[in-house]
Structure formats: structure tokens, C-alpha cells
Protein chains: 2
Amino acid sequence: MAKKTKKSHDANSARLSVDELRRIFENAGLRLTHQRIMVYNAVVDSKEHPSAETIYEQLKKDIPTISLDTVYRTLSTLDRLGLIKRLQLFDYIRFEPDLSRHHHFICKKCKKIIDFHWPEIDGVSIPETLKSVGEVQDQMVEVRGICKECLAQEGGEK
Amino acid sequence: MAKKTKKSHDANSARLSVDELRRIFENAGLRLTHQRIMVYNAVVDSKEHPSAETIYEQLKKDIPTISLDTVYRTLSTLDRLGLIKRLQLFDYIRFEPDLSRHHHFICKKCKKIIDFHWPEIDGVSIPETLKSVGEVQDQMVEVRGICKECLAQEGGEK
DNA sequence: GCTGTTCATCGGAACAGTTCTTAATTAATA
DNA sequence: TATTAATTAAGAACTGTTCCGATGAACAGC
């Protein structure tokens, strides 16, 4: 009753079923524990690129005994298994469930991260000079600025 | 004699003269101290996106009494004045002198950061959806992969 | 069912990078 | 030279993250 009904998912972060999770964990020789399921679901359901701390605070409501260490370890495990993605954009490490190619708008003020897509960029082939630098595995545009909410606040508080 | 002759600069990180620095500091109501000049020069001369610790270790050779705290404070000041740029891509905070638009290749293995240019990307205009998200101030492509040196090492050590 | 083994978990301690504190000293500018 | 900001030293504090030793749960083979 007091529970939030948080169900709105993007196409690219649909939650895997427990059976699918079990298969992935078993293949990796790992056990699928309650905590692991809960951490996974928390990241997938979240839209705010949460930090370990955020996930921890959230899960404590349902599992009061969960430890921060477990959250950290589990997030690492999930990242290693490719189920979520680790991001380091600021002082915090954050996690996101969207594994498809996308980019980030980062508000310099409130540090909010907003995903966006940019197909025009995704189509541009990597410059020649980069090929001699190394093997490219991943690319992402990071756009920084001030988000609408912070702009409104700035204008209002003057 | 034991001094390194490190003079190769990119076009975009030409060192400001002491007079130019003085003017900038004066405008900001700050004093231009020996340490500040040295820290500034160390970043501008460096090609490796150094951390505070790296700068500190380097400067100790010339100023044995310099404190790590001063390095941290000075790097912040220089960033605030727009003379260098602060980067947080990994666990360390790093600094770079190149203020022009460029992008970063980051080696996942040795954590080296290599600058590169990508004019094709710079010309692409920002997607419509972003305009409703906020005010864009800065954009940068982050490419991750394995650099040539690490690739060679990987092949060799097998 | 038991028994041992293999993990995952817990709680707290440890760690690393960064910032802050206080007081004394040094050095830049008017 | 006087004023005042910046630096130093030595350490504490802080924050995010990881490690450690003990405990406990789940599973395999008997």
C-alpha cells in the first residue's frame, strides 16, 4: 500500500526473469541469492543511474539486514556478468540498466544524468587516427550543461 | 643535465607567459606565487593528464618543501580560473591543459588517456530531444578500449 | 535425513584519494 | 616596509570503496 508502483521501463532495460537470471548465474558458477535478485531489480527499475549507496538505502526497506558490502559486491558481479553497466562520471560510481548504445547529458549543478539517443553520431565511423591508438570497444558522448529544472531554479532565485 | 627537455607542445596547450598569468590572477584578486606558476607549467607541459599526486611528485624535485595540499588547492584554483581542465574518468581526478574541443581514448587496462580530434562529430548538431533537457555547455566523446601497448603486451605474455 | 564443503553474507575495520584544520612562517603586493 | 594572502607542516576528517574474519545458508554426496 505504501509501496511505490514503479513500473515504467524503457525498451532497453526490460527486467530479466528470475529463471533467466538463474541460468546466467549458474553458467558463471555463481549462486542466485535473494540479495542478488533484489539488487538487480533495483537497478533495472531505477531511472536515475543510482550509486551503490542509493541502492543500499532503497533495499534496506525490504531487507533491513543487507550490508553495503553486499550491494557493492553484487553490483560488481552484475557488471561483470554484463547485466548492468558501471559508470564513472563524477565522484561516485553509478550503475545503469540500459545496455544499448546511448549517451549521457549530465547536469553540472544537480549532477543528474539523463540518457539520450543520437543516431547521427552513432553512424559516424571512427577517425583513422584512432585506429593506430588501440582497439576501440565502446564509445559514448558525454554532454554537460545545466538541466531545465536547475535553469528554472536559477532564474527564480535571483 | 639530469633535467628532462620536455618541450613538445600541441597547438592547443601553449603555455601562457608569466605576465599573462599575472594578469589573470590579478583580475581574480589572487596572488601569483611561485608554486602556482610551477603547478600551472607542470600541467601544461605534461602530456599524460596527470593526477594531483603525479604533479606533486614531479614538483618535489624542484620545490622540496611543497605540500600535497597546495598542489590540490592550486589545481582547483587553476581549474576555476579556466586555465586547465579537471577530468574525472576513473578513480583519480586528473587534469589537462588542452582547452580546445577534443575527445578521449581511455585504455581500460593501463588507464592511459589519449587525446584525439574528431571534426566529423564536432560538426553534427545536437539532437532536438536534448534541447528540452537543458542548456548544453560542453560535449565530449569518450572512447574506451585497449591501447596498442597493452594489446602488444597481451599478445606477448600468452 | 546427516555431514561436510562451498560459497554468500554481515558488520566492522581498513584503505585511498581528497579536503579541511590550526598555527606558524613565508612571500607577494601596495 | 607594512599588510595580508598564501604556504607549510602534521595531522585529522571525510567519503566512497574494498577487505577481512566469523557466521550462516544452500547444496552434494553419503
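For the numbers below, each heavy atom of this structure counts, side chains included, while hydrogens, waters and symmetry mates do not. Every chain is numbered from 1, with letters handed out A, B, ... down the list of sequences. These numbers come from a predicted model, not from an experiment.
With D:dT8, D:dT17, D:dA6 as the candidates, the nucleotide lying closest to the side chain of B:Gln35 is D:dT8. Distances were taken from every side-chain heavy atom of A:Leu30 (C-beta onward) to each of D:dT8, C:dA8, C:dC10; the shortest belongs to C:dA8.
With rounding to whole Å, A:Ile55 atom CD1 is found 16 Å from D:dG16 atom C1'. Rounded to an integer number of Å, the gap from CD1 of A:Ile66 to C1' of C:dA8 is 11 Å. Rounded to whole Å, atom P of C:dT18 lies 16 Å from atom CZ of A:Phe90. Here C:dT19 presents its C1' atom at 13 Å from CG of B:Leu75, a figure rounded to the nearest Å. Taking atom CG of B:Leu59 as the reference point, atom C1' of D:dT7 lies 14 Å away to the nearest angstrom. Here the P atom of nucleotide D:dG16 and the CD atom of B:Gln88 are 12 Å apart, to the nearest Å. Atom-to-atom, CG of B:Leu68 to P of D:dA6 comes out at 19 Å; the value is rounded to the nearest Å. Atom P of nucleotide C:dT18 and atom CZ of B:Arg94 are separated by 10 Å, given to the nearest angstrom.
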Set out, line by line, the N/O atom pairs under 3.5 Å between protein and nucleotides 13-17 of chain C.
unit_1 : atom_1 : unit_2  : atom_2 : d
C:dG17 : OP1    : B:Tyr92 : OH     : 3.1

Find every protein N or O atom lying less than 3.5 Å from an N or O atom of nucleotides 20-25 of chain D, and list the pairs.
unit_1 : atom_1 : unit_2  : atom_2 : d
D:dC20 : N4     : A:Asp69 : OD2    : 3.1

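A:Met38 is not listed as a side-chain neighbour of A:Gln58, based on a closest heavy-atom distance of 4.5 Å or more. Using a 4.5 Å heavy-atom cutoff, the side chains of A:Glu96 and A:His102 are in contact. No side-chain heavy atom of A:Ile106 sits under 4.5 Å from any side-chain heavy atom of A:Val143. Residues B:Thr77 and B:Phe25 meet the side-chain proximity criterion, which asks for heavy atoms closer than 4.5 Å.
Taking only side-chain nitrogens and oxygens, A:Thr33 never comes nearer than 4.0 Å to OP1 or OP2 of C:dA8. Between A:Ser67 and C:dT9, a side-chain N or O to OP1/OP2 separation shorter than 4.0 Å is absent.
Remark on DNA chain C: of its neighbouring residues B:Ser76 and B:His34, the 5'-side contact belongs to B:Ser76, judged by nearest-heavy-atom nucleotide.
The residue A:Thr65 sits close only to the backbone: its heavy atoms come under 4.0 Å of sugar-phosphate atoms, none of a base. Counting non-hydrogen atoms under 4.0 angstrom, B:Arg22 reaches the backbone sugars and phosphates but no base.
Exactly one of A:Thr54, A:Thr74, A:Leu75, A:Leu83 qualifies for a side chain to side chain contact (heavy atoms under 4.5 Å, CB included) with A:Val43. That residue is A:Leu75.
For residues 28-69 of chain B, the pairs satisfying ring pair (Phe, Tyr, Trp, His ring centres under 6.0 Å) are B:His49-B:His104, with sequence neighbours left out.
Closest approach of A:Lys111 to A:Lys108, counting heavy atoms only: CE-O, 4.0 Å. Annotation for B:Cys147 and B:Cys107: closest pair N-SG, 3.4 Å, computed over non-hydrogen atoms.
A cation-pi arrangement is present between B:Arg144 and B:Phe90 under the rule of less than 6.0 angstrom and at most 45 degrees off the ring axis.
The aromatic rings of A:Phe116 and A:His103 lie tilted to each other, with the angle between the two planes from 30° to 60°.
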